[in-house]
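Every chain is numbered from 1, with letters handed out A, B, ... down the list of sequences.
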Amino acid sequence: MSAGGPLSTDGLVQLLTADGQRTAHEQFDPYADHLTADDLRAMWRDMTLVRAFDKEATSLQRQGELGLWVQSWGQEGAQIGSGHALNGQDFVFPSYREHGVALTRGVDLVEVLRIFRGLQHGAWTPAEHHFHLYTLVIGSHALHATGYAMAMAKDGLVASGDPAKDGAVVAYFGDGATSQGDVAEALTFASVYDAPVVFFVQNNQYAISESATRQSRVPIADRGKGVGIPSVRVDGNDVIASHAVTRWALEHARSGQGPVLIEAFTYRMGAHTTSDDPTRYRPKAEEQLWAERDPIARLEAYLTSTGELSDDFRTEVEAEAKALGERTRTTVRAWTKPDTLGMFDHVYAEPHASVEAERAWFDRYQRSFADQEATR
Amino acid sequence: MSAGGPLSTDGLVQLLTADGQRTAHEQFDPYADHLTADDLRAMWRDMTLVRAFDKEATSLQRQGELGLWVQSWGQEGAQIGSGHALNGQDFVFPSYREHGVALTRGVDLVEVLRIFRGLQHGAWTPAEHHFHLYTLVIGSHALHATGYAMAMAKDGLVASGDPAKDGAVVAYFGDGATSQGDVAEALTFASVYDAPVVFFVQNNQYAISESATRQSRVPIADRGKGVGIPSVRVDGNDVIASHAVTRWALEHARSGQGPVLIEAFTYRMGAHTTSDDPTRYRPKAEEQLWAERDPIARLEAYLTSTGELSDDFRTEVEAEAKALGERTRTTVRAWTKPDTLGMFDHVYAEPHASVEAERAWFDRYQRSFADQEATR
Amino acid sequence: MTTLDERPATASGQPATASAPGKPASAARPAPTTMTMAGAINAGLRAAMERDDKTLLMGEDIGALGGVFRVTDGLHKDFGDDRVMDTPLAESGIVGTAIGMAMRGYRPVIEIQFDGFIFPAYDQITTQLAKMHYRSGGAIQLPVVIRVPFAGGIGAVEHHSESPEALFAHTAGLRIVSPATPQDAFDMIQQAIASPDPVMFFEPKARYWDKGEVDPTRVKAQLDAASGASTGTAEMSRARVAREGSDVTVVAYGPTVRLALQAAQVAADDGTDVEVIDLRSISPLDSDTVVTSARKTGRVVVVHEAPTSFGSGAELSSRVHEQAFFHLHAPVLRVGGFSTPYPGAVFEHDYLPSLDRVLDAVDKVMAH
Amino acid sequence: MTTLDERPATASGQPATASAPGKPASAARPAPTTMTMAGAINAGLRAAMERDDKTLLMGEDIGALGGVFRVTDGLHKDFGDDRVMDTPLAESGIVGTAIGMAMRGYRPVIEIQFDGFIFPAYDQITTQLAKMHYRSGGAIQLPVVIRVPFAGGIGAVEHHSESPEALFAHTAGLRIVSPATPQDAFDMIQQAIASPDPVMFFEPKARYWDKGEVDPTRVKAQLDAASGASTGTAEMSRARVAREGSDVTVVAYGPTVRLALQAAQVAADDGTDVEVIDLRSISPLDSDTVVTSARKTGRVVVVHEAPTSFGSGAELSSRVHEQAFFHLHAPVLRVGGFSTPYPGAVFEHDYLPSLDRVLDAVDKVMAH
Ligand SMILES: Cc1ncc(C[n+]2csc(CCOP(=O)(O)OP(=O)(O)O)c2C)c(N)n1
Ligand SMILES: Cc1ncc(C[n+]2csc(CCOP(=O)(O)OP(=O)(O)O)c2C)c(N)n1
Ligand SMILES: [Mg+2]
Ligand SMILES: [Mg+2]
């Protein structure tokens, strides 16, 4: 880790040490102090659930039930911590690895797998969950998030002083994404229009095989400085710190003070996707090192030390995780191919002659086979 | 001018005050101290020439001899100052307003007008002058400059310690350009690959009608901070400071220390182009104010105060300017439309069937008219 | 030499509307009026902004300046910063943030300054704007309009005279239209804004100052239609028979419609009766209208400024052959720009389809 | 379900060449060898890098990982950071800096990770890479190759199965090619790199693991040719008659060539003699070869994966009609993807041209 580079740990906000001790932090303690034991247990539960789901999806992919799977393994602290800081009126623009955040937005995780089974490109209704679809083109959605935030401001949903009304947008993307021109333009627009948007960068140290050092010589958080956006680096494997920092940023944005950039320093424990082979580019020892910084274990250690994690609760969550796994398996296996004509749906909101003509042709064409079958 | 915003004058390096007094600057004096009276007179001459040329081109446009003209009026200090800091082995990527820099690279200014008369899109051989063609798509060439600099490093033309060998690249663009994703990507690539490139931003306070406050809330120079590129703000109407700062930046880059960003704070005295109408968006009073900060007058005041600007020299330069104006007029007016078939040349370096077929068709087609004429 | 400077001081080409700042003039316009195409678009934008306060404009220099062609002249003054937004100089950013705003119910109308500067936004247009409705299974509509002053003939420098419509027509999810008259400009810009789909609106810049009658009532009545079902998408998607004829069909759109009509005039003197079709829409392509005409005349010529190779004329030609092959006396011929970059302005009248080249093609198909 | 995971561990599909790190193995290869298409491209890249040390590779994950398809497998190990450059995640940046490097005499070969991710670079490709030679009056050559794994059939998620070739073919200044066999892949990648013009090299990713004989001597001899005049541009621009036939011509390229050959096989059993043309080059389009065949057979079907509307088949169809109209028994038919975004993977075999759809079109043209 080069000093001051994108892999340095300089200036990371931490509220839980690696071995699960609560440390004090002047600026951010006020944003964590409200957390009750129930809140923390809820975070531990969510992290545990999403990890169980992640494992199940991975094995479904191995069994050929999914075309691909993208794990969030290792990043649960950053995702659940920030997700728990959101209000209902906030709106999230994820990239494609934010299953943890999806969970906190009430998305049924199983539904997410429709995308990875190739049934459809989007699998939930964004407006329902205030959680946009996954975006696969790196960085594109940073601009959508910014535009959405600009529109919230136009709609008076920022700085009204009414906590039931004021909201903000959170855009999630990775360290690699910060090199894209679209992300830079999003920072510029957000800053110039004072948009209530929090850019939440999960620096998991890799963009597929490339180290974050391929994207930057300085901490990723510095990207904010180029346009005057306040930024914070946080230990992303510390779910409490991730929560506190996001809470602070959301308040900043919701109250009309403009955008914030958060860099959550974390680690992608798994492969980039099930198609990836990390043995080609990173040492096992590094993975081992990060296994010791596991975000779930860390919170678990803390809650155990405070006696707030009862065996009953553990058992309950274990059962829940198991049930989720089973439901995932059964549901996915039961999904069949929908009617083929459906592929012509929703290209446009109103009829388009080419699509209509091709649909009609394809319908006739398909039927002609059925007819042949029938006459045989 | 909002404090700390892109129009603030905070932290501008200045070596000549607005009324032409030489001021001391610890960091940058060493980069100006070598300047002899001859050197300064040469800068004054170049600024004067390019302004005379600019006026001539403007009136040729008004007379219908050019389709468009883009003035550099007001920005001569930034352009001539930086241009004089270049060595032969440096390479420049201008945008479209850098006539002053063109002059310092030995480009015949008159030739530049071929572009604006619609005769061709590029009007000089870049390799000859180490001065790339004008690029009209805002910001695109920042990446070309960076790639060129990366290639210079690969070729061992950086940090060799041999001053006859080491070179760097300078990319010129405007305040507006800094919002483009391409410029952000250029900064990233330059930083990551340690490319010997100096990004020279002329913040002339406008992108056509839009104030620089539409592009940024903070000084344009801060764009460098986002990727860890050292940056400097300089008074662009101070030719000596522009020179010194560029010299420093070039030494930094040539010696292998990586990219630098310079923001030259200046003012576009004229319209954006001859098609523009600044009365629609900026007050006359502002133009007046900046007329008082004229870069040529400033150096003139200084040289007059030191007695280094003789009447003979003035007369000589005036005559030179007049001659240039005359040559510009005569040359441009004498330009006729080249052979039409030339429009099919150089689409590809090697033959391409579609182009060949169309050229042949057009040739026959054109001749058919000639034949008709002949048979009449 | 033709230059960009030919424009008048205001787009409307009529006395500035006397409306209090911030208070848009309510439109009690006399019908019909003579307007330039630029003025008609300006009036259409104003009408759309009055109709729906979710309609807003975004672009470079569209505020105080009124756009480099003055098409948004006066709108910033009347509707303010919030609805006429001068943006940072970043086309991808403009389209990308417009998408986000459209997700919250806004109807952003973007001005791209010149055809050649749309490409930085190509990714947002192609992979996001075009595909979001499909990706979301219909849950997200993006009623974004992208206005692009396009095509050549104005003596401009590089990148200011291009015709990139075919580069968008191949991507499903976008609608592509181009008006050829002030009336269509006025109607179609409003239909485009009312459409729930993303629309690329290509404005033939060389025709901005052509004048024509504009009847403002037709589109108003159509969009007022109580059902709410009439968004205008269907109307703007239909080709228009600009002139009836029986010998040969000349198909054009945007900047070349006037040329096609001129050619028809000249051909008439030679005894050839030319039908002229103004496509108006490139996606969808109203091939029915063209094929009907082709079956009647048996001869088709298509004219556009974009390079012929891989241009929209290729699609039209293919469809006509596919659907009217046995009615054709001759193959469909294409007259377009050449397979070169748009050349220096001194060459543009050689590069672009000319009256002679159109007539040459008409003669060729008539030879069979 | 087909997944990306089907690939073998290395692209070469043969034992790793025993070469010392940093010291490229000098190529004394046995001829011919059986190779996969991915292996053939890998070998072709290696040969080009050995031939000219100005040749370098740029892209995302092409170093230690060897690219997501392992096409650059082993090259980073042998040629190092300076010549196999893992870049920041920014496609415009990659193409833009490659342009700058090409201006200093380098020959950058870019890998775009997937078809759907080329669009952020669209502006650099269209307005800069394609136009620099013209803009500079021939003073600047940009021998940049952009490799794009393209087309579908691999069960992937959105943006990973597209066929954007027509979106580039309309822009003058670019050459567009697509190999269909390991031999062509091996030869054409080297010809593309040797060409002084920018080349878009579309690799049919679903065919990466198809095997075929590769004779490495042919292209070597051609590029070694003492004259130095033989850069290979002309060779890669010519279509190939992949199978001779007399009744109907089926034109394909890249991923659909195998399909066309299968269709010819099946049709032969029905007594229809199909000629198959592998275009190889889309720009320029070798219409001479196709037109010659069309004049012979009188019937043409063109097959590609890209949406039919405004696709490259439209250009081909137009040209065949223009140049062979009076020899045709039936209109040229097009079989392609539909006018929708590329659908979810479960639909892709319905969306893509299939054996049945090609045969259906062959039957239709044979009906006349
Ligand atoms: C524009 C674009 N280019 C390339 C890709 C291929 N790709 C998918 S994920 C990825 C790496 C992303 O890294 P990062 O932003 O750090 O996110 P992470 O996957 O680590 O969460 C790449 C290159 C893409 N999806 N989009
Ligand atoms: C990509 C792109 N978008 C828009 C334009 C139109 N345009 C030409 S110059 C200009 C303003 C540029 O401002 P700035 O970068 O500050 O440079 P200046 O002209 O002030 O020197 C604009 C918007 C363009 N040339 N390229
Ligand atoms: Mg990452
Ligand atoms: Mg400026």
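For the atom pair CD of D:Glu158 and OH of C:Tyr134, the computed distance is 9.5 Å after rounding to the nearest 0.5 Å. The distance from the CD atom of D:Glu162 to the OG1 atom of C:Thr126 is 9.0 Å, given to the nearest 0.5 Å. A distance of 8.0 Å separates OG1 in C:Thr308 from CD in D:Glu315, rounded to the nearest 0.5 Å.
Heavy-atom distances place no part of C:Phe168 under 4.5 Å from chain D, backbone and side chain included. For D:Leu285, the part lying near chain C is the side chain, with the backbone staying farther off; criterion is any non-hydrogen pair under 4.5 Å. Proximity to chain D (any heavy atom under 4.5 Å) is shown, for C:Ser287, by neither the backbone nor the side chain.
The most heavy-atom pairs under 4.5 Å with chain D, out of C:Thr171, C:Ile118, C:Leu328, come from C:Leu328. In terms of heavy-atom pairs under 4.5 Å with chain C, the best-connected choice from D:Ala169, D:Ser92, D:Ala324 is D:Ala169. Between chain C and the residues D:Gly173, D:Pro120, D:Pro343, D:Ser317, the largest count of heavy-atom pairs under 4.5 Å involves D:Pro120. Taking C:Arg135, C:Lys131, C:Glu91 one by one and counting their heavy-atom pairs under 4.5 Å with chain D, the maximum is reached by C:Arg135.
Residues C:Ser318 and D:His321 have side chains not in contact (no heavy-atom distance under 4.5 Å, counting atoms from C-beta outward). For the pair D:Phe310 and C:Ile282, the minimum side-chain heavy-atom distance is below 4.5 Å.
Between the side chain of C:His170 and the main chain of D:Ser309, a donor-acceptor pair closer than 3.5 Å is present.
Ring centroids of C:His368 and D:Phe325 are separated by 6.0 Å or more, keeping the two rings apart.
Within residues 329-341 of chain C, the residues having any heavy atom closer than 4.5 Å to a heavy atom of chain D are C:His329, C:Ala330, C:Pro331, C:Val332, C:Leu333, C:Arg334, C:Ser339, C:Thr340, C:Pro341, listed by residue number.
Using cut-offs of 30° and 60° for the angle between ring planes, the C:Tyr122 and D:Tyr122 rings count as parallel.
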